Amino acid sequence: MDKLNIVGGGQLNGVIPISGAKNAALPLMCLALLTDDKLILDGWPDLADTQSMRELLASLNVESTMQDDALHMQINGQIGIEASYDIVRKMRASILVLGPLLARMGAARVSLPGGCAIGTRPVDLHIMVMEKLGATITLEDGYVLAEAKQGLIGNRITFPMVSVGATENALMAAVLAKGQTILEHAAKEPEITDLAECLIAMGAHITGHGTDTIIIDGVDRLGGTDHRVVPDRIEAGTFAIAAALTGGEVTLQHARPEHLSALTTLLIQSGASVTAGDDHMIVAGHGRPKPVDVTTAPYPDFPTDLQAQFMALMVMADGVSHVDETIFENRFMHVPELMRMGANISVSGGSATIQGVDGLIGAPVMATDLRASVSLVLGGLVASGTTTVQRIYHLDRGYYRLEEKLNACGANITRVRE
Ligand code: EPZ
C-alpha cells in the first residue's frame with residue numbers, strides 16, 4: 001500500500017486548481033441511466049471513487065470514455081438492474097443507482113452498502129423515498145429488491161432528517177414519476193443544486209433546488225446534455241485550511257466562494273484572510289491561529305467533510321477550541337493519529353476539546369478514512385521532521401493528485417509506492 005512522506009516546515013504559496021466535486025460527480029454519473037442519449041460531464045474528477053462508479057455503471061451497460069477532462073457516457077444495450085455486492089462494497093454511494101433504475105426500469109437489485117469507518121451509514125431514508133413513490137421494497141441476502149411495475153407515482157415526501165444521498169435518490173427517481181413530487185426538509189448542498197441543474201438541462205421539471213422544499217413534475221423521457229461538474233468545495237476548503245495553517249498565501253482557482261461561507265467566517269475568526277473573486281478565492285495565514293469553536297451541520301452551515309481538516313488547524317491555535325461533530329457518529333479517528341504528532345485533544349462523545357500546542361512532531365501515522373487522512377497530511381505540513389501517512393488509498397478516493405498540487409506550492413511530499 002502506498003504511503004506519503006511529508007517533510008514539514010514550509011509555507012504554501014501559489015495557485016491550486018480545484019477539480020470537479022467528487023460528491024457531485026457520483027450522482028451526476030447515475031443520470032446516464034435516465035436517458036438513451038449521450039451524457040457528457042466536463043471537469044469530471046478522475047478519482048478512485050468515480051472510477052468505481054464507472055465500473056458499476058459499466059456492469060449495468062453504461063459505456064463511458066474519458067476525453068480530455070470530460071467523461072462521455074451512454075447506455076449501450078439493455079440496462080442491467082443489479083448492482084452487485086463486490087462493487088457496492090468498494091463505494092457506498094453506489095446506492096445512488098437505486099432511484100434511476102426504478103425510474104427507468106421499474107426494478108432494481110442493489111446490494112446494501114454496509115457501513116464504513118465513520119459510521120453505520122444506514123439507507124433507510126433511501127428506502128422510505130422509494131416506497132413513498134410507490135415501489136415495493138424487500139431486503140434479501142443483503143440486497144435491496146425494489147419493484148415498481150406500473151412506474152413510480154409522485155408524492156409528498158418529508159425527510160425526518162437532512163440526507164444528501166436520499167435527497168439525490170429522490171430527485172433521480174421523481175423526474176420520471178407520474179405527477180408531482182414535493183420533497184420537504186430536503187438537503188440544500190451545492191451538489192444537490194448541481195444535480196438538479198443537470199436534470200433540468202436533460203428536460204426535467206424541477207424548482208426549489210437549493211432550498212429545503214424541492215418540487216418535481218414528472219416527465220415521460222429525458223435527453224442527454226453536456227454539463228460541467230461543480231468545483232469541489234471540500235477540496236477547496238481543505239487547501240484553504242492548509243494555507244491558513246502554513247502561513248502562506250494560496251489562490252484556489254475555480255473555487256466558488258459562496259459554497260464556503262461557513263468555513264470562510266471561521267478562518268477569518270482564526271486570524272486568516274480570505275479574498276473572494278467570482279471563480280476563485282485567495283486565502284492567507286498570518287502566524288499562529290486563534291482558537292475557534294466549530295459545530296458541523298447540513299449546508300449552509302459548517303460541513304462535516306471539513307471537520308477533521310479544521311481540527312488540524314485548531315491543533316496549532318494559541319488557546320482552547322471545541323469541535324462538535326453532529327452528522328456522523330464516529331468521525332474523530334484522526335484524533336489519536338494527530339495526538340501521535342503531539343496534538344493535545346480530548347474527546348467525549350461527539351465533542352472534542354483541543355488545547356492548542358505551539359508545534360507538532362513528525363511521526364508515522366495511519367489513514368483511516370478519506371477526510372481523516374487529509375487532516376494528517378495537513379498536520380505533516382507544519383510538523384517538525386518527517387511525517388509518514390500510511391494507507392493513503394483512502395486519500396486517493398477523494399483527492400486528485402493531492403501531493404502534486406501541494407508540492408507546486410512549496411510542500412515537500414513524496415509518494416512511496418509499496
Ligand atoms: C454525503 O453522504 C457525502 N457523500 C458525504 O461525504 C458527506 O459527509 C455527507 O453527505 C454529509 O454531508 C457523498 O455525497 C457521496 P447523508 P451521505 O445521507 O449522503 C444519516 C466524503 O467524505 N442517514 O447526508 O451518505 C447518516 O447516517 C463523504 O466525501 C440515515 O440515518 O450522507 C448521517 O448520520 C463522507 N439514513 C446523516 O443521515 C439514511 O438513509 C447524514 O447522512 C441516510 C442517511
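All values derive from a computational prediction rather than experimental measurement. Along the sequence shown, the residues carry numbers beginning at 1. FYI, side chains are in, hydrogens and waters are out, and symmetry mates aren't considered; it's all heavy atoms of this structure. Remember, it's 1-based here, ligands and their atoms both numbered in the order they're listed.
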J.: Can D194 and R256 be counted as an ion pair, charged N to O under 4.0 angstrom?
T.: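 Answer for the salt bridge query: no.
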J.: Relative to the heavy atoms of K22, which atoms of ligand 1 are at a distance of less than 4.0 Å?
T.: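 In order of numbering, the contacting atoms are 21 (C), 29 (O).
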J.: If you have a sec, work out which protein heavy atom is nearest atom 17 (P) of ligand 1 and how many Å separate them, to one decimal?
T.: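 It is R121 NH2, 3.9 Å.
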J.: Where is the nearest protein heavy atom to atom 38 (O) of ligand 1: which residue, which atom, and how far?
T.: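 Closest protein heavy atom to atom 38 (O) of ligand 1: M161 CE, 3.2 Å.
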J.: Give the numbers and elements of all ligand 1 atoms closer than 4.0 Å to a heavy atom of R92.
T.: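 The list of qualifying atoms is 25 (O).
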J.: Note the single closest protein heavy atom to atom 8 (O) of ligand 1, along with its residue, its atom name and the distance in Å.
T.: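 For atom 8 (O) of ligand 1, the nearest protein heavy atom comes out as D305 OD1, 2.6 Å.
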J.: Thinking salt bridges, do R331 and E325 make one under a 4.0 Å N-O criterion?
T.: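 No, this pair does not count.
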J.: To check your reading of the model: name the closest protein heavy atom to atom 32 (O) of ligand 1, its residue, and the distance in Å.
T.: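 Here the nearest protein heavy atom works out to F328 CZ, 4.1 Å.
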J.: Would a distance-only check, ignoring hydrogens and angles, find a side-chain to backbone donor-acceptor pair under 3.5 Å from D37 to G223?
T.: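 Not a single qualifying donor-acceptor pair exists.
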J.: Determine whether a donor-acceptor pair (N or O, by modelled atom type, separation under 3.5 Å) exists between the side chain of D68 and the backbone of A70.
T.: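 No.
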J.: At less than 4.0 angstrom from any non-hydrogen atom of R371, what atoms of ligand 1 do you find?
T.: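 Counting from 1, the qualifying ligand atoms are 21 (C), 22 (O), 29 (O).
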J.: Under 4.0 angstrom from ligand 1, any heavy atom of G398?
T.: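 The answer is no: ligand 1 sits nowhere under 4.0 Å from a heavy atom of G398.
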J.: Looking at R104 and L33, would you say the former's side chain and the latter's main chain have a donor-acceptor pair under 3.5 Å?
T.: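 Confirmed, R104 side chain pairs with L33 backbone.
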J.: Taking 4.0 angstrom as the limit and counting only heavy atoms of I327, give me the atoms of ligand 1 inside it, by number and element.
T.: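 Per the distance check, 33 (C), 34 (O), 41 (C).
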J.: Would you say that more than 12 heavy atoms from the other residues, nucleotides or ligands in this model lie under 6.0 Å from the CZ of R391, or not?
T.: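 Not more than 12 within 6.0 Å, no.
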J.: Which residue owns the protein heavy atom closest to atom 24 (O) of ligand 1, what's the atom, and how far is it?
T.: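 The protein heavy atom lying closest is V164 N, 2.7 Å.
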J.: Can you list the ligand 1 atoms lying under 4.0 Å from a non-hydrogen atom of N23?
T.: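 Within the 4.0 Å cut-off of N23, ligand 1 contributes 3 (C), 4 (N), 6 (O), 13 (C), 14 (O), 15 (C), 21 (C), 29 (O).
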J.: Using a strict 4.0 Å cut-off to heavy atoms of T304, name the atoms of ligand 1 that fall inside it.
T.: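 It comes down to these atoms of ligand 1: 8 (O), 11 (C).
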J.: Could you check whether D69 pairs with R228 (Lys NZ or Arg NE/NH1/NH2 to Asp/Glu carboxylate O, under 4.0 Å)?
T.: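 Yes, charged N to carboxylate O under 4.0 Å.
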J.: Show me which atoms of ligand 1 lie under 4.0 Å from any heavy atom of R331.
T.: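 Near R331, meaning under 4.0 Å from one of its heavy atoms, ligand 1 has 8 (O), 22 (O), 35 (C).
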J.: I'd like to check which ligand 1 atoms, numbered from 1 as shown, lie under 4.0 Å from a non-hydrogen atom of H126.
T.: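 Contacts of ligand 1 toward H126, numbered from 1: 40 (O).
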J.: Just by modelled atom types, is the E184 backbone N or O under 3.5 Å from a matching donor or acceptor in the T158 side chain?
T.: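 Answer holds: no.
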J.: Any heavy-atom pair between the side chains of Q390 and M366 that's under 4.5 Å?
T.: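 The answer is yes; the side chains approach within 4.5 Å.
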J.: Considering only non-hydrogen protein atoms, determine which one is nearest to atom 19 (O) of ligand 1 and report residue, atom name and distance to 0.1 Å.
T.: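 Going by distance alone, atom 19 (O) of ligand 1 is nearest to G165 N, 2.8 Å.
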J.: Among S163, P303, A93, which one puts a heavy atom closest to atom 18 (O) of ligand 1?
T.: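 Minimum heavy-atom distance to atom 18 (O) of ligand 1 goes to S163.
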J.: Just need the protein heavy atom nearest to atom 27 (O) of ligand 1, so name the residue and atom and give the distance.
T.: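 Answer, as residue, atom name and distance: P122 CD, 3.5 Å.
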J.: Backbone N or O of T213 within a donor-acceptor pair of the T211 side chain at under 3.5 Å?
T.: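 Answer holds: yes.
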J.: Using the salt bridge (Lys or Arg N to Asp or Glu O under 4.0 Å) rule, pick out the option among R371, K405, R401 that qualifies with E235.
T.: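 The option that passes is K405.
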J.: Return the residue, atom name and 0.1 Å-rounded distance of the protein heavy atom closest to atom 40 (O) of ligand 1.
T.: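 Of every protein heavy atom, L125 N, 2.7 Å lies nearest to atom 40 (O) of ligand 1.
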